[in-house]
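Residue numbers begin at 1 in each chain, while the letters A, B, ... track the order of the sequences. Note that these values count all heavy atoms, side chains included, but never hydrogens, waters or copies made by symmetry.
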Amino acid sequence: EPEVTQTPSHQVTQMGQEVILRCVPISNHLYFYWYRQILGQKVEFLVSFYNNEISEKSEIFDDQFSVERPDGSNFTLKIRSTKLEDSAMYFCASSEATGVYYGYTFGSGTRLTVV
Amino acid sequence: AQKITQTQPGMFVQEKEAVTLDCTYDTSDQSYGLFWYKQPSSGEMIFLIYQGSYDEQNATEGRYSLNFQKARKSANLVISASQLGDSAMYFCAMREANAGNNRKLIWGLGTSLAVNP
């Protein structure tokens with residue numbers, strides 16, 4: 001069964017450093033998403049991406065964050081100048097279409113710890 | 001206002017028994033989809049089952065079934081014959097037709113299920 005692959009599975013970084021979280025969506029999917037889950041809290045939408053541009057972003061997704069699809073397969077989330085409160089599980093997801101009946105396929109997540 | 005409400009922070013069930021995890025939702029859309037995901041302690045998010053707002057029959061997937069009561073805006077997950085491996089967090093989520101082009105998922109806070117041997 002096709003998978004969404006996320007790397008790394010765990011990342012520890014020093015406060016103030018930049019991190020890049022990587023994702024390989026399912027090849028025939030067109031819509032890509034990043035979600036965040038702070039430990040013990042709800043899953044929060046960060047950004048959606050379609051046709052090589054951001055189509056929607058949440059208020060969390062400020063100038064500290066950026067996404068790109070550099071080579072047609074990878075989908076990356078960059079977090080600049082990380083803060084302690086950026087520690088969370090970050091999920092990449094992809095979807096074939098955006099009909100309400102289409103679910104997402106999630107990656108296994110990257111657990112980011114900022115120290 | 002919460003769009004997805006899961007009122008049970010934690011649930012316990014005896015192995016081999018059935019358990020119902022509650023989910024109520026709030027939307028003014030006529031067209032929407034409801035999803036349940038399982039998150040084991042390892043952290044990944046696993047899709048379990050979905051229910052479309054226009055589906056007349058309750059969704060079923062193996063041991064999972066969704067008790068969909070549209071008028072009450074509830075979409076409870078029923079797990080039959082619980083297994084130890086069912087111990088996990090369970091999230092209810094919704095995708096609305098009028099939620100923008102990409103129709104992001106809106107999530108509940110989750111229910112932690114523990115299956116006792």
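- Residue B:Ser112: no heavy atom, backbone or side chain, is found under 4.5 Å from chain A.
- One hydrophobic cluster holds both A:Ile54 and A:Ile79 under the rule that ILVMFWY side chains link at heavy-atom gaps under 4.5 Å.
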Checklist entry - For A:Gln41 and B:Leu109, what are the C-alpha separation, side-chain angles and deciding distance, and is it a side chain to side chain contact (heavy atoms under 4.5 Å, CB included)? => result CA-CA 7 Å; A:Gln41 298 187 24; B:Leu109 288 173; 6.0 Å; no
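- No continuous path of ILVMFWY side-chain contacts below 4.5 Å connects A:Val47 to A:Ile26, so the two sit in separate hydrophobic clusters.
- By the rule that hydrophobic residues join a cluster once side-chain heavy atoms approach within less than 4.5 Å of another member, A:Trp34 and A:Val19 end up as members of one cluster.
- In the hydrophobic cluster analysis, where Ile, Leu, Val, Met, Phe, Trp and Tyr join through side-chain heavy atoms closer than 4.5 angstrom, A:Phe75 is grouped together with A:Leu46.
- Across all non-hydrogen atoms, the minimal contact from B:Arg95 to A:Ser95 is NH1-OG, 3.6 Å.
- For the options B:Met89, B:Met94, B:Glu44, heavy-atom pairs under 4.5 Å to chain A are most numerous at B:Glu44.
- In the displayed structure, A:Asn51 atom CG is contacted under 6.0 Å by more than 12 heavy atoms of other residues, nucleotides or ligands.
- A 6.0 Å sphere centred on CD of B:Glu56 holds no more than 12 heavy atoms belonging to other residues, nucleotides or ligands.
- Contacts of A:Gln37 with chain B are made by side-chain atoms alone, with heavy-atom separations under 4.5 Å and no backbone atom involved.
- Residues A:Lys42 and B:Ile4 are not in side-chain contact: their nearest non-hydrogen atoms beyond the backbone lie 4.5 Å or more apart.
- For A:Arg22, the CZ atom is loosely surrounded, since the number of other residues' heavy atoms within 6.0 Å does not exceed 12.
- Between B:Trp107 and A:Phe91, the ring center distance fails the sub-6.0 Å criterion.
- Between B:Phe35 and A:Tyr104, a ring centre-to-centre spacing not shorter than 6.0 Å is recorded.
- Minimum heavy-atom separation, B:Leu105 to A:Tyr35: N-OH, 2.9 Å.
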